[in-house]
Amino acid sequence: MPLALLKYALGLGERRRHFPAPQPLKKRYDVLVIGAGGHGLACAYHLAKDHAITKVAVLDKGYLGGGNTARNTTIVRANYLTEEGTAFYKESLKLFENLSSELDINTMYSKRGHLTLAHTDAALRTARWRAGVNKHLGVRSEVVGRAELRKLCPQLNLSCEVRFPVLGALYHAPGAIARHDAVAWGYARAAYRRGVDILQNTEVTGVVVEKGRVVGVKTSRGTIAADKVLQAVAGHSSLLANKLGFRLPIRTVPLQACVSQPYQPFLDPIVVSGSLHVYISQSARGEFVMGGATDPCELYNTRSTLEFKEQLMMHILELFPQLAGANLLRQWAGLADMTPDFSPVMGKTPIRNYYIDAGWGTWGFKATPVCGKRMAECIATDTTPALLKPFALSRFENFALVGEKGAASVGH
Ligand code: FAD
Ligand code: PYC
């Protein structure tokens with residue numbers, strides 16, 4: 001073997017670990033983050049980078065990025081319905097655009113344009129509303145008619161001989177897709193390199209509260225003391241909050257998706273139909289990534305159903321009959337925590353120094369960078385950043401909901 005190679009075999013060459021080695025449990029941290037999904041990891045990264053808080057550990061009952069982060073269909077966009085939502089997701093989209101260089105990893109961020117089809121006058125009205133709010137806040141969105149739609153997506157079936165003909169669409173040019181696991185790994189690696197511990201296979205089984213203030217967490221590997229704790233456990237949010245004695249206005253339902261075999265480039269934009277409960281994009285590998293509405297009943301189970309697949313394919317083929325011969329490769333599900341207003345819950349909780357990042361339903365991947373940055377600010381300064389204020393848990397008591405039902409994702 002050439003000497004130049006031998007030094008690497010002997011471990012003498014420069015080799016930086018990409019991913020954290022298993023670490024022993026320490027007794028105490030400044031901040032503990034429960035949940036090593038994109039949100040928890042991004043928060044840990046920003047605590048270290050922006051606030052020089054490096055005595056941080058991220059705990060996960062499974063492996064990093066193995067929850068909803070690994071199961072989502074990676075749509076990134078800012079074309080929301082409310083001013084609060086649009087401003088929030090606009091910041092995330094901006095952070096996403098620079099994320100590959102920020103984290104020194106290829107997130108495969110790919111700007112495709114995002115089309116929300118309208119099949120009814122009511123849907124067109126909502127599209128105009130969203131376009132108006134978006135433009136007001138400097139987010140590119142416009143309503144397009146059938147002629148423009150034909151140019152933007154020539155493959156789309158615009159025939160009037162179908163049950164729900166397409167009348168027009170909301171076109172959001174910055175809409176994009178990215179590689180979900182690269183986002184999680186990128187944040188994990190960048191946090192780890194700044195001194196953050198990432199403890200996989202470490203389930204949080206309880207939280208230690210003294211005089212209304214959190215002082216640590218109980219885990220499957222022992223108790224850890226902490227000054228501050230963030231819970232970022234997506235589909236398990238209510239289960240953890242229940243252990244602390246406060247309730248979240250959340251129902252948890254499975255959300256399914258599937259992917260085809262890779263095919264040659266066919267579809268550039270991301271296409272969503274709320275009326276037909278479907279969406280589709282084509283990944284860089286050529287796979288068609290497809291999904292629909294949430295399952296109807298509350299359930300903590302990530303099984304896949306034939307019923308979902310049949311309904312989805314019926315509508316996909318109405319929009320793209322050319323895909324009739326395509327083969328499905330995989331189907332899966334995640335757990336969506338649905339809030340009554342289809343907006344997240346972020347910030348402080350009734351327990352002092354216990355913070356929450358939850359209610360991410362079907363829409364949280366795109367929020368990963370902004371959540372990381374702003375939740376870190378919230379924890380480090382113990383003040384809620386302006387961007388997060390509308391999403392406080394207290395809004396449900398104050399009747400100040402942020403209604404995003406028309407824009408959260410597909411039909412519900
Ligand atoms: P997760 O990635 O789920 O991380 C939470 C972690 O907490 C998990 O790893 C879990 O193991 C851990 N955990 C739970 N309980 C405990 C405990 N007691 N102790 C320790 N660890 C614990 N969003 C979009 O923006 N665009 C999309 O296109 C999109 N598509 C989706 C498609 C599907 C099929 C699904 C299911 C979701 C989709 N979403 C989408 C939503 C998105 O996936 C989630 O909102 C987002 O991934 C939430 O990230 P997270 O980091 O909060 O959660
Ligand atoms: O938030 O855009 C979204 C989305 C699409 C599918 C699931 N979530």
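These numbers come from a predicted model, not from an experiment. Counting starts at 1 for both ligands and their atoms, following the listed order.
The shell of residues lying under 4.0 angstrom from ligand 1, judged by heavy atoms, includes Gly361. Residue contact annotation: Leu239 has no non-hydrogen atom under 4.0 Å from ligand 1. Remark: distances from the non-hydrogen atoms of Gly235 to ligand 1 are all 4.0 Å or more.
Closest to atom 28 (O) of ligand 1 by heavy atom, among Thr69, Leu41, Thr73, is Thr73. Looking at Thr302, Val233, Thr362, Asn68, it is Thr362 that brings a heavy atom closest to atom 41 (C) of ligand 1. Ranked by closest heavy atom to atom 5 (C) of ligand 1, the top entry among Ala257, Gly67, Ala232 is Ala232. The residue from Arg77, Lys366, Arg71 that puts a heavy atom closest to atom 34 (C) of ligand 1 is Arg71. The closest non-hydrogen atom to atom 53 (O) of ligand 1, taken over Gly37, Ala234, Ala36, comes from Ala234.
Ligand 1 has an N or O atom lying under 3.5 Å from an N or O atom of Gly364, backbone or side chain. Inclusion of Ile75 in the set of residues having an N or O under 3.5 Å from an N or O of ligand 1 is warranted. At least one N or O atom of Phe365, backbone or side chain, sits closer than 3.5 Å to an N or O atom of ligand 1. Polar contact check, Trp363 against ligand 1: a nitrogen or oxygen pair lies under 3.5 Å apart. Considering backbone and side-chain N/O of Asp60, one or more are found under 3.5 Å from N/O of ligand 1. Residue Val204 has at least one nitrogen or oxygen atom sitting less than 3.5 Å from a nitrogen or oxygen atom of ligand 1, judged on distance alone. Annotation: His114 places no N or O atom under 3.5 Å from an N or O atom of ligand 2; distance criterion only.
The aromatic ring centres of Phe96 and Phe365 sit less than 6.0 Å apart. Between Phe320 and Phe288, the gap from one ring centroid to the other reaches at least 6.0 Å.
Close contacts of ligand 1 with Gly334, meaning ligand atoms under 4.0 Å from a residue heavy atom, involve 36 (C). Within ligand 2, the atoms closer than 4.0 Å to a non-hydrogen atom of Lys366 are 1 (O), 2 (O), 3 (C), numbered from 1 in the order shown. Within the listing of ligand 2, atoms 1 (O), 4 (C), 7 (C), 8 (N) sit less than 4.0 angstrom from a heavy atom of Thr362. Near Thr74, the atoms of ligand 1 lying under 4.0 angstrom from a non-hydrogen atom of the residue are 27 (C), 28 (O). Near Gly38, the atoms of ligand 1 lying under 4.0 angstrom from a non-hydrogen atom of the residue are 51 (O). Against a heavy-atom cut-off of under 4.0 Å, Ile75 is close to the following atoms of ligand 2: 2 (O), 5 (C). Listed by number with element, the atoms of ligand 2 under 4.0 Å from a non-hydrogen atom of Trp363 are 1 (O).
To the nearest 0.5 Å, atom CG of residue Asp181 and atom CE of residue Met108 are 9.5 Å apart.
Atom CZ of Arg194 is surrounded by more than 12 heavy atoms from other residues, nucleotides or ligands within 6.0 Å. The environment of Arg221 atom CZ is dense: over 12 non-hydrogen atoms of other residues, nucleotides or ligands sit within 6.0 angstrom. Applying the 6.0 Å contact sphere to CZ of Arg146 captures more than 12 heavy atoms from other residues, nucleotides or ligands. Annotation for Asp121: atom CG does not count as buried by contact number, only 12 or fewer foreign heavy atoms lying within 6.0 Å.
When heavy-atom distances to ligand 1 are checked against a 4.0 Å cut-off, Trp360 comes that close through both its backbone and its side chain. The residue Thr368 has no part lying near ligand 1, judged by heavy-atom distances below 4.0 Å. Here Phe365 has no heavy atoms under 4.0 Å from ligand 2, in either its backbone or its side chain. Looking at Lys61 against ligand 1, both its backbone and its side chain come within 4.0 Å, counting heavy atoms. Neither the backbone nor the side chain of Asp357 comes within contact range of ligand 1; no heavy atom lies under 4.0 Å.
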Thr252 vs Tyr300, side chain to side chain donor-acceptor pair (under 3.5 Å): CA-CA, chis, key distance, verdict
CA-CA 7 Å; Thr252 302; Tyr300 282 97; 3.2 Å; yes
Just do the salt bridge (charged side-chain N to carboxylate O under 4.0 Å, His left out) check on Arg303 and Asp295 with the steps written out, would you?
CA-CA 11 Å; Arg303 84 278 182 269; Asp295 285 7; 2.8 Å; yes
Carefully, step by step, assess Lys135 and Glu142 under the rule salt bridge (charged side-chain N to carboxylate O under 4.0 Å, His left out).
CA-CA 8 Å; Lys135 276 184 200 156; Glu142 60 194 298; over 6 Å; no
Taking it one step at a time, do Glu102 and Tyr45 satisfy side chain to side chain donor-acceptor pair (under 3.5 Å)?
CA-CA 11 Å; Glu102 167 92 23; Tyr45 166 72; 2.4 Å; yes
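Between the side chain of Arg28 and the backbone N or O of Ala225 there is no donor-acceptor pair closer than 3.5 Å. A distance-only check finds no donor-acceptor pair linking the side chain of Arg251 to the backbone of Cys297 [under 3.5 Å].
In this structure, Lys228 fails the cation-pi test against Tyr355, since its NZ or CZ atom is not both closer than 6.0 Å to the six-membered ring centre and inside 45 degrees of the ring normal.
The aromatic rings of Phe88 and Trp360 sit parallel, their planes meeting at an angle under 30°, below the 60° perpendicular limit.
Of the N and O atoms on the side chains of Asp197 and Tyr29, at least one donor lies less than 3.5 Å from an acceptor on the other residue. Under 3.5 Å, the side chains of Thr107 and Ser100 contain a donor-acceptor pair of N or O atoms.
For atom 7 (O) of ligand 1, the closest non-hydrogen atom of the protein is Gly35 CA, 3.3 Å. Protein heavy atom in closest approach to atom 43 (O) of ligand 1: Asn72 CB, 3.0 Å.
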